[in-house]
Amino acid sequence: MFHSVWGSGCGIRTVHSLLTCGVTLVLLLHDTDLYPQEKVGIRLHPLVFVLAVMASTALYYGVSLMDPGYVLTDCEEKPHLIPMKEDQETPALTPGAVRMRRCGYCLLKQPMRARHCKSCQRCVRRYDHHCPWIENCVGEKNHRVFILYLALQGLVLLWALRIAWSGFRAAVTWSEWFRTNVFLLAALVVIGVFTVVVVLLLVSHLYLISCNVTTWEFMSHHRISYLRQCDYDTNPFDRGVIRNLWSFFCTWGNVVWERVYYRDVLSTV
């Protein structure tokens, strides 16, 4: 399921598209490394660069418009699942009692690791965070696409950074240099800022994924009912780096996190 392009976040997506087109045009219209001094053959560098930009833009729109994993109905109740009101205190862990919250906004029973997003006004499965740049939540269904977008966007930005740097031309005075390179300089600043942000986001997300922790759980460990009973350095969802990465990138569909959470307890019963 996808959102409407003209719905919430239309302004942000428009700004992103204008910035992308503007910076790409500046790089294409200047004499840079995109145009190697070749007298024969087809110059493929500009074509490949434009295709990479288009692919990253398509991923941006994909992750921005995708359903992040909204909780649409009450979770299916199983014999070992016991609903819990929002203000009810969580009792000690037992293998027969997985406590479920009822959202105070949606009035739906939330599966474990879900959270209500006030910006989207919906509960999201395996909620990670609400990203203002894509104006959408990052959750169980679109987190992989978000990581793929960050990776491709990071590569495109690093390439664009090199291209912009190669286009600067020397001049006799600083004022003449500025007039000659003003558009490239503006493009370089924009590219540089976004490169730092994207690379930091990608590295931090890959680290959290390797630990099987969401951004929300990492930032609010002490406030989350199913984590408050664990030590701060203990993660009940951690299955080792390799299995965490495999589960994230190669497992599709909704995960019953209650089973993962209680796997150690249930194995002793």
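Keep in mind the model is a prediction, meaning the values are calculated, not measured.
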Checking the side chain of [X] only, and the main-chain atoms of [Y] only, is there a donor and an acceptor separated by less than 3.5 Å?
X    : Y    : result
R169 : D31  : yes
T214 : E217 : yes
N142 : G69  : no
T251 : F248 : no

Heavy-atom check, side chain of [X] versus side chain of [Y], under 4.5 Å:
X    : Y    : result
H16  : R13  : no
V124 : V71  : no
M54  : T57  : no
E135 : H130 : yes
V138 : T215 : no
F168 : L188 : yes
I134 : I12  : no
Y60  : F146 : no

Please verify the inter-ring angle class for F194 with W133; under 30° counts as parallel, over 60° as perpendicular, anything in between as tilted.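 Correct class here is tilted.
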Is atom CZ of F183 surrounded by more than 12 heavy atoms (other residues, nucleotides or ligands) closer than 6.0 Å?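 No, because the 6.0 Å sphere around CZ of F183 holds 12 heavy atoms or fewer from other groups.
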Should the heavy atoms of other residues, nucleotides or ligands under 6.0 Å from CZ of F249 be counted, would the total exceed 12?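 Enclosed.
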Using the benzene-type ring in the case of Trp, are the ring centres of H129 and W216 under 6.0 Å apart?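 No, they do not, as the ring centres are separated by 6.0 Å or more.
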Among residues at least two apart in sequence or on other chains, which ones pass side chain to side chain donor-acceptor pair (under 3.5 Å) with R126?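 Here the qualifying residues are H143.
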Go through the structure and list residues passing side chain to side chain donor-acceptor pair (under 3.5 Å) with R239, not counting sequence neighbours.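 Here the qualifying residues are S247.
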On a heavy-atom basis, which atom in [X] and which in [Y] lie closest, and how many Å separate them?
X    : Y    : result
V198 : Q153 : CG2-CG, 4.1 Å
P46  : L28  : CB-CD2, 4.2 Å
R125 : A114 : CA-CB, 4.1 Å
L107 : R102 : O-NH1, 2.7 Å

Can you tell me if Y61 and S17 form a side-chain donor-acceptor pair at under 3.5 Å?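 Present: a donor and an acceptor within the cut-off.
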Intermediate values then yes/no, ring pair (Phe, Tyr, Trp, His ring centres under 6.0 Å), Y127 and H116: CA-CA 8 Å; Y127 175 88; H116 183 87; 9.5 Å; no
Salt bridge D238-R243, side-chain N to carboxylate O under 4.0 Å: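 No, this pair does not count.
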Intermediate values then yes/no, side-chain contact (heavy atoms from CB on, under 4.5 Å), L245 and S210: CA-CA 6 Å; L245 292 173; S210 70; 4.3 Å; yes
Joint cluster assignment, L150 & V196, ILVMFWY side-chain distance < 4.5 Å: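 Shared cluster, no.
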Considering only residues two or more places apart or on different chains, which pairs with a residue in residues 155-168 satisfy side chain to side chain donor-acceptor pair (under 3.5 Å)?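 Listed once each, the pairs are D33-R162.
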